[in-house]
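In what follows, a structure is listed as structure tokens, so that the remarks can point back to it.
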Amino acid sequence: MFQPLHASATRAVEKLRDIGEPLPEDLAGRLAKLADDSQTDTVRSAAVEELLRPYVLVDVEIDERGYTASTPGAAPPRLVQHGWRSFLVRVVNPHRLLGDLAGGPGGVLGLVDHHSHAARITLHDTLTVVPRIESSWLQAKLAGPTDVSGLDVEYKVMSLYSRDGGSRRGELAFILAVEEATESLTRPPFAKAGQRMGFESRQYGAAIEFDCLPARDVRFDIREPDGSSCVAALTVRDSQRRAYPSKAMRLAPDMFFHEHVYRATGEVITLPAGQYEISARRGPEYREVRVEVDVEADTEAVTIELDRWADPATRGYYSGDPHIHAGGCSHYSVPSEGVNPETMIRHVRGEGLWMGSVLTWGPCYYHQKQFFSGSSISPRAELEYPDMQRAQGMTWDPQDTDHDGQSLLRYDLEVSGFPSSHSGHVILLGLTDQDYPGTKLIEDWPSWNLPVMRWGHAQNAMVGYAHCGLGLAVGTEDLPNYIIPEFQSIGSNEIIVDVPLGAADFQCGAEFSPAAEMNVWYHLLNVGYRTLMLGETDYPCIYDDGPGVGRTYVQLPEPPQGDQALEAWLGGLKEGASYFGDGRSHVYDFAVDGDTARERSVDASGPVRVSAMVAAWLPEQPPAAPAAGQPAYSAPVGWHIERARIGQTRTVLVEVLVNGVPVGSQEVLADGNEQAVEFDVPLERSSWVALRILRSVHTQPIFVEIAGRPIRASRRSAQWLHDSVDALWKAKSGFIRESERAEARQAYDAAQAAYLTRRDECEVD
């Protein structure tokens, strides 16, 4: 069986070379020569094993039941703190069983989720949590194929990551498993050659004394273009594209689901000696900066100069994300807890946002509601739970920066995981009381949304709907379209009832398809309602990247600051100019006949001049196809200016809309410079006017009323809204409590009556 053994050994040696840890240069040549050697297979097989023996860290033997026993190999067990080292694993399989091999620290293999070894950092029972974190110092993963192919002997490659320096004792164990379990609930007493095992095997680990070379703290001097200090997102990768610190070894404020970490000027990342690519950004208003760094024993600091291409605040526009979470979804495997304000503010600062609305919701409601205060806050970005951080080896000191005060948090509420969630997830911004009257538990809240919306309005809060496009796609990208959706998900469902009853202010999107998100919005605008549209992220539920993947820019006379910052920002939304999108394009000073006011009155029909200043940025070339051996390029999804690129050019299309229909367009070079756009637009009747770069930015409308007549732009829109209420009732009424159903039906009827009245007032189809 020389040939299969030789092929396995050759693949393992090549894998070590590919991941940047090659064996001695002459070894590969000596191994290759054995293929043409005239000696017997037995002699040549022994020569292969003798060549590789000094580099084998663990020998794994699989018995006839599929159980594994591991013993230390001859390779010196030297690791490096906060870095990776790779070794050979020799697998002895005399019974030639088939399966998939998995390996890791003994005692926990297969029992915990290794992408977050310290998943519950906010538990107060540190007597049990801290020791568990402290003992989880070793990360292991097999590099390359994990299948056991039925050979007597084969070789695998294992990479090990050490959180700690110095001498540490660890255990490595392996299991044999298969993709699908057998029908039997008991393991057969013996497995046959070539049989694929049906259950995870019992394993006996190899106890190893590791010597872990220490790494050093590398300080990052991060600077804005004007030299001021700030927080930024840093992605540190080695030649194998592995992220540092190891994603599996992270505690807040470093998230295991991020490639990056957020660091302030003067803060550190612990790195072993080696070569790294470090990229830095601070949200979409910055071009990504990449630097190559050779970290040596005496390296103390790395300087990062950020490259900002747009600063909307200098024009009076202040960014916010109205929908982020501190608990649930990707945060932790026990989502009822999540992270504290000290972590959330770091993430908001690192994405260059002025406002971040942290919404408590069902899975984290009872824990996170403690942070609600009814005021905006800008806490210091401390490390949470020092005992746990120290157990994890996070001993760096948080640093204040020149821009800290520009970012604020406001804790509010998303009605998700509540009895009314089927009607769409409600966002309540600017609450003074977060507990619905007469309730003690989530289950006590209303089972439809209108009572919740009115309760929010009674507190002068702004109320609307999250991730508005979910469940509203109808198989077309036409805007507007007249296909009735099935309302089978958690998008802005009941908004079509709440708006005509004066109980909803906005919906949030910039996450999915524009047609799914904005069709309801366009129809509501077409019959004269002043509903707003906001950009949101739903971090880290829809997008893990960070806050501000979708964002909203509000024009204000001064920056939103102090404990009433959110109220000021919301006031600008209600009364002033704003736009939303992915932050990679901006529309300043959008005006009709030079007037930026949201409401315009003119005496007679005729042309109007629509103008704005537009800035957008795209790389000069579209993303190139990946080189051989590199990860495939991941195309942008949802709203992203790359999806607005015209062909292979660097231009995008700015469209002017009248009642949702493009009536003019202009190509704009997306080189980051501000460019004036102007359109002469004929208005025959009262209408709403807006600008957009589809899948990147959209303004709020300017409403132009002619001769005092209200906007009634489309009978078809009014009829579509009326008919959609019927479809909504069919889809959702069964989820409304019987005791509330009659009141809900009355509200649905009132909404439909309002649409019929407006339909009859419309001048055109």
Side-chain angles (χ1 to χ4, degrees), residues 320-325 355-361 410-416 418 420-432 434 436 445-446 448-472 487 489-512 516-525 529-539 541-542 550-554 566-567 569-576 578-581 598 698-701 721 724 728 747 751:
D321 188 337
H323 188 175
I324 59 179
H325 295 296
M355 288 299 313
S357 291
V358 186
L359 305 181
T360 301
W361 64 297
R410 179 58 147 76
Y411 278 74
D412 271 309
L413 185 63
E414 178 188 0
V415 182
S416 169
F418 289 66
S420 65
S421 297
H422 62 89
S423 292
H425 290 185
V426 168
I427 292 177
L428 302 131
L429 301 177
L431 291 173
T432 56
Q434 63 178 336
Y436 191 83
W445 284 54
W448 63 305
N449 284 332
L450 184 62
V452 177
M453 312 294 273
R454 286 174 168 163
W455 167 70
H457 270 173
Q459 303 179 57
N460 293 318
M462 282 190 72
V463 300
Y465 281 83
H467 36 67
C468 62
L470 285 175
L472 298 182
F487 297 101
S489 188
I490 52 174
S492 55
N493 298 323
E494 198 191 287
I495 195 170
I496 59 177
V497 174
D498 300 334
V499 165
L501 301 183
D505 303 309
F506 64 85
Q507 61 177 26
C508 292
E511 295 155 309
F512 305 114
E517 292 180 321
M518 298 195 298
N519 196 50
V520 169
W521 186 44
Y522 279 17
H523 286 308
L524 289 169
L525 296 174
Y529 294 110
R530 270 40 173 184
T531 314
L532 296 164
M533 182 83 177
L534 280 61
E536 66 167 18
T537 300
D538 197 357
Y539 165 77
C541 294
I542 291 178
R551 49 182 66 199
T552 304
Y553 294 83
V554 178
L566 180 74
E567 283 75 7
W569 195 78
L570 296 178
L573 265 176
K574 293 176 183 177
E575 305 296 336
S578 66
Y579 60 91
F580 63 92
R598 290 274 301 280
H698 201 301
T699 68
Q700 303 298 342
L721 289 162
S724 291
L728 179 66

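Heavy-atom basis, side chains included; hydrogens, waters and symmetry copies ignored. Computed from a prediction, not measured in an experiment: that's the story for all the values here.
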- Item | R598 side-chain N/O to G576 backbone N/O, donor-acceptor pair under 3.5 Å | yes

- Message: Given 3.5 Å as the limit, does a donor-acceptor pair link the side chain of Q700 with the main chain of L532, or not?
- Response: no

- Query: How far does OG of S416 sit from NE2 of H325, to the nearest 0.5 angstrom?
  - Reply: 6.5 Å

- Query: Quick one: SG on C468 to CD on E511, what's the gap to the nearest 0.5 Å?
  - Reply: 7.5 Å

- Atom pair CZ/OH of F580 and Y553 - distance to nearest 0.5 Å: 13.0 Å

- Verify, without hydrogens or angle tests, whether E517 (side chain) and A510 (backbone) share a donor-acceptor contact under 3.5 angstrom. yes

- Task: Walk me through it: do E494 and F487 pass the test side-chain contact (heavy atoms from CB on, under 4.5 Å)?
- Result: CA-CA 9 Å; E494 198 191 287; F487 297 101; over 6 Å; no

- Query: Taking H467 for the side chain and I490 for the main chain, is one N or O donor matched with an acceptor at less than 3.5 Å?
  - Reply: yes

- Note on the structure: Smallest heavy-atom separation, A503 atom then R454 atom, equals CB-CG, 4.3 Å

- Audit row: C508, I427, side-chain contact (heavy atoms from CB on, under 4.5 Å) steps and yes/no: CA-CA 9 Å; C508 292; I427 292 177; 4.0 Å; yes

- Item | Distance in Å, I495 CD1 paired with L721 CG, rounded so as to fall on 0.5 Å steps | 10.5 Å

- Message: Any non-hydrogen side-chain atom of D505 less than 4.5 Å from a side-chain atom of H457?
- Response: yes

- Message: Between E414 (side chain only) and W361 (backbone N and O only), is there a donor and an acceptor less than 3.5 Å apart?
- Response: no

- Flag the pair V452 / F418 as yes when at least one side-chain heavy-atom distance between them is below 4.5 Å, and no otherwise. no

- Query: Do P451 and Y436 have side chains that get closer than 4.5 Å, going by heavy atoms?
  - Reply: yes

- Task: Over all heavy atoms of both residues, which pair between S578 and V554 is shortest? Give the atoms and the distance, please.
- Result: CB-CA, 4.0 Å

- Non-hydrogen side-chain atoms of S420 and V426 separated by less than 4.5 Å: no

- side-chain contact (heavy atoms from CB on, under 4.5 Å) evaluation trace for H698 with M533: CA-CA 9 Å; H698 201 301; M533 182 83 177; over 6 Å; no

- Message: Within the structure provided, determine whether D538 and L359 are in side-chain contact (heavy-atom separation under 4.5 Å).
- Response: no

- Item | 4.5 Å side-chain heavy-atom contact, D412 and L428 | no

- Query: Nearest heavy-atom pair of V415 and S421: which atoms, and what distance?
  - Reply: O-OG, 3.5 Å

- Message: Rounded to the nearest 0.5 Å, what separates atom CG in L525 from atom CZ in R530?
- Response: 8.5 Å

- N449 side-chain N/O to G424 backbone N/O, donor-acceptor pair under 3.5 Å: yes

- Report yes if some heavy atom in the side chain of Y465 is under 4.5 Å from a heavy atom in the side chain of M453; otherwise report no. yes

- Query: Would you call L431 and L413 a side-chain contact if the rule is heavy atoms closer than 4.5 Å?
  - Reply: yes

- Query: Run the side-chain contact (heavy atoms from CB on, under 4.5 Å) check on L573 and L534 step by step: do they pass?
  - Reply: CA-CA 9 Å; L573 265 176; L534 280 61; 3.8 Å; yes

- Counting N and O atoms only, with roles assigned by atom type, does the side chain of S357 sit under 3.5 Å from a partner on the main chain of R410, one being a donor and the other an acceptor? no

- Which atom names give the shortest non-hydrogen contact between G320 and P322, and what distance separates them? O-CD, 3.8 Å

- Message: Quick one about T537 and D321 (side-chain donor to acceptor, distance below 3.5 Å, no hydrogens or angles considered), yes or no?
- Response: yes

- In this structure, CE of M355 is separated from CG of L570 (nearest 0.5 Å) by 7.5 Å

